[in-house]
Trainee: 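My questions all concern the structure below.
Everything numeric in this text was worked out from a predicted model, so none of it was measured.
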Amino acid sequence: MEVSPAFPIESYNLRMTTSTAHRRLWIETVGCQMNVLDSELVVAALRRQGWQLTTSPAEADAVFYNTCSVRQHAEDKIWSALGRVRQEKQARPGLIVGVLGCMAQKDQELIRTRAPWVDLVVGPGQLHRVPGIVEEILAGGPPRIEVSLDRTAGSRDAVTRSFESYDPDRDPTMRPTPFQAFIRTQTGCDKFCAFCVVPRVRGPEQARPPAAILAEATKLVAEGCREITLIGQTVNSYKWHDGGKTTRLADLLHDLDSIDGLDRIKFVTNYPRDMTPELIGAVRDLPKVCQYLHVPAQHGSDAVLTRMKRGYTIGEYLEMHARVSEELPRAAVTSDFIVGFCGETDAEFQTSVDLIDRLQFKNSFIFKYSPRPGTKAFDRQPDDVPEEVKKERHRLLLDAQTEASLAGNLPFIGTRRQVLVEGLSARDERREARAVDGGAGAADGPTATEAAGKAVADAPDRVMQPDRVLQLTGRTMCDRIVVFDAPLRLVGRLVDVDIKAAGAWSLAGDVADGLADAVPLDLPAAAEGGGCDAGPVYQIAPPAAVRPPLGPGA
Ligand code: SAH
């Protein structure tokens, strides 16, 4: 078994430690990786002011929601939560309630009128102000709204300046795991897809200087981080001009790849037109860069892509995909799709099904169109596909993707893959929570993660015993989820797993005891189906059940 240098298990899940300081913060994060990172940074800043996280809002001195506006559903969740927290606030007037992030930017006034018990409303471009505002509120100050300029409220420069990138020093204990981290390459977005609210709520696209990104990565790796995911709304549009020199994402990847101690580099989300030959070449040539590309197509029809203002045709998407397949035959490509966009006919919808059938994405996130105030589609195109039709199309597209995902996973059975072990599987996270909580997880009870947090907080010895064997989860270099039974001490390490079974969304296997009985499998790339990990592929003992063959080389 290949085991990478030990990561101190004591640090794992420190986010879940019990609170001892007298100020306790509970934060719920909704939405994308950008929000996860924003929450990490806000929490880190507040910790420096003496705050500690708590796993229960009832015990909290401050309750924050870091919000998302991409779909109505995400907003509805927050409005319900604000309704619930109102009672808590009535019972404990000293409780500080905060709405952060995209809804704060988009619905600042609405929050003030609909939920006047909220103390602070802070947009994504103003998060650096949170610690100061909290201090002022603690000192008896009035409720505060801090947001950036609306995109139409001033010159581009003025609007850009009002969205400040928030990338202070990191606090390793605040990440979901200490060995994985997001790094922001740019804020905002200038693509203005007709359906998308992001350019409005996150402001103009602004790149961070390469030196800042590299310094942050180097520091994170020195702190034990092994996997870095670069994030930007369209991360592969990254461009930094300095004198005569332009730095692009491919250049960043080259620099990151040379950091000693770093094992894996990922980047999300990609815009199809910016998937340049240089970037594809960097993914091909740099060993630490994961062969995993999230490149949302959004739809299979040119007419709909035009209405969506995506800026490319399906022909161009296919051409990009063909280049990726040619240069990176083992890469996993994933997508997003929207069903039920304005005016979508049955025939147009079918083109999305056809695209999934043809390109066999590793997986796709599929969304029902949700009209967003402040977008071009909202203003100019009626949301005319009935909800029932959206639901049905969502189901049909998901069926197509499930089939493609399963077909892509099956060839992994019987191979050995390197996996970065991330933590407990969802199943064992729930079990651990129940074991401590005696039945947590009821419909309106805590989520599995909250309950697991409580489990660790209440019984750290039990959960943290490094030799306890539990069902763990990790990911391959191409972002496939693998579950396996193994001792907790493997969390944060790279291990080899013999894949024994495959479902559409995950693989299952056993931690390999050694490569002694594994024969290197010198397959032509195309024969490996979904195979995409860097490094050799091994054929191990065939699984008990008969599986589809690995291909001509097997
Ligand atoms: N720029 C980022 C974030 C966009 S939001 C990215 O590309 O990942 C993530 C996904 O949500 C989009 O790719 C799109 O598929 C979906 N989405 C965005 N706006 C939407 C809307 N109004 N209704 C439904 N889905 C939407």
Side-chain angles (χ1 to χ4, degrees), residues 1-18 55 175-180 224 226-227 263-264 409 412-441 446-477 479-503 505-518 533 538 540-545:
M1 168 172 48
E2 196 230 309
V3 172
S4 50
F7 190 88
I9 185 77
E10 313 83 61
S11 326
Y12 170 58
N13 271 345
L14 270 185
R15 68 185 160 132
M16 294 170 171
T17 51
T18 20
T55 53
R175 290 195 290 277
T177 71
F179 46 88
Q180 296 171 296
R226 316 199 53 178
E227 178 184 278
D263 291 315
R264 290 185 174 188
N409 276 348
F412 281 76
I413 295 174
T415 66
R416 178 167 288 178
R417 298 289 155 161
Q418 195 184 60
V419 168
L420 177 61
V421 187
E422 295 183 352
L424 294 188
S425 70
R427 187 200 77 184
D428 272 13
E429 201 175 75
R430 278 193 305 272
R431 281 191 186 169
E432 287 303 296
R434 270 201 301 272
V436 173
D437 237 25
T447 64
T449 306
E450 286 161 10
K454 189 162 163 37
V456 177
D458 291 351
D461 295 344
R462 177 185 150 77
V463 179
M464 304 301 269
Q465 279 165 8
D467 288 323
R468 269 189 79 204
V469 173
L470 288 164
Q471 190 184 62
L472 305 183
T473 182
R475 281 177 197 258
T476 68
M477 272 293 255
D479 203 52
R480 284 182 159 82
I481 296 170
V482 184
V483 295
F484 48 89
D485 290 336
L488 268 172
R489 69 185 137 75
L490 293 191
V491 170
R493 299 181 186 202
L494 291 170
V495 299
D496 285 338
V497 177
D498 293 337
I499 307 298
K500 297 286 173 61
W505 313 122
S506 62
L507 306 169
D510 298 327
V511 175
D513 282 324
L515 295 177
D517 50 3
D533 292 354
Y538 294 91
I540 52 167

Trainee: Using side-chain heavy atoms (C-beta onward) and a distance below 4.5 Å, is L494 in contact with R226?
Mentor: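 With C-beta onward as the side chain, the pair touches.
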Trainee: Can you sort out the partners of A508 under side chain to side chain contact (heavy atoms under 4.5 Å, CB included), two or more places apart, ordered by chain and number?
Mentor: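 If we apply the side chain to side chain contact (heavy atoms under 4.5 Å, CB included) test to A508, skipping adjacent residues, the hits are V483, A501.
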Trainee: Which atom pair, heavy atoms only, marks the closest approach of V511 to A486?
Mentor: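 Where V511 meets A486 most closely, the heavy atoms are CG2-CB, 3.8 Å.
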Trainee: When rounded to the nearest 0.5 angstrom, what is the spacing between CG in D263 and CE in M477?
Mentor: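 Reported to 0.5 Å precision, the distance equals 8.5 Å.
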Trainee: Report the residues that fulfil side-chain hydrogen bond (donor to acceptor under 3.5 Å, both in side chains) with S425, sequence neighbours left out, ordered by chain and then residue number.
Mentor: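 Listed in chain order: Q471.
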Trainee: Could you tell me if the side chain of R475 sits less than 4.5 Å from the side chain of Q180, heavy atoms only?
Mentor: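 No, side chains not in contact.
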Trainee: How many angstroms lie between CD in E422 and CD1 in I481, if you round to the nearest 0.5 Å?
Mentor: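 Reported to 0.5 Å precision, the distance equals 8.0 Å.
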Trainee: Scan V419, V421, T476, L472 and name whichever one has a side chain to side chain contact (heavy atoms under 4.5 Å, CB included) with V497.
Mentor: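 Answer to the side chain to side chain contact (heavy atoms under 4.5 Å, CB included) test with V497 among V419, V421, T476, L472: V419.
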Trainee: Heavy atoms only: give me the nearest P466-P487 pair and the separation to one decimal.
Mentor: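 Taking P466 first and P487 second, the nearest heavy atoms are O-CB, 3.6 Å.
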Trainee: When rounded to the nearest 0.5 angstrom, what distance separates CG in D498 from CG in L507?
Mentor: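 D498 atom CG to L507 atom CG measures 12.5 Å (nearest 0.5 Å).
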Trainee: Would you say the side chain of V491 lies within less than 4.5 Å of the side chain of L424, judging by non-hydrogen atoms?
Mentor: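 The answer is no, as the side chains (C-beta and beyond) never meet within the 4.5 Å cut-off.
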Trainee: Side chains of F412 and V482: does their closest heavy-atom pair fall under 4.5 Å?
Mentor: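 They are not in side-chain contact.
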Trainee: Tell me every residue that passes salt bridge (Lys or Arg N to Asp or Glu O under 4.0 Å) with D510, counting only those two or more places apart in sequence or in another chain.
Mentor: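 Once residues adjacent in sequence are excluded, the partners of D510 under the salt bridge (Lys or Arg N to Asp or Glu O under 4.0 Å) criterion are K500.
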Trainee: Which distance, rounded to the nearest 0.5 Å, do you find between the OG1 of T473 and the CG of D428?
Mentor: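 If we round to the nearest 0.5 Å, T473:OG1 and D428:CG are 10.5 Å apart.
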Trainee: State the CG-CG distance between L490 and D467, to the nearest 0.5 angstrom.
Mentor: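 The distance works out to 9.5 Å.
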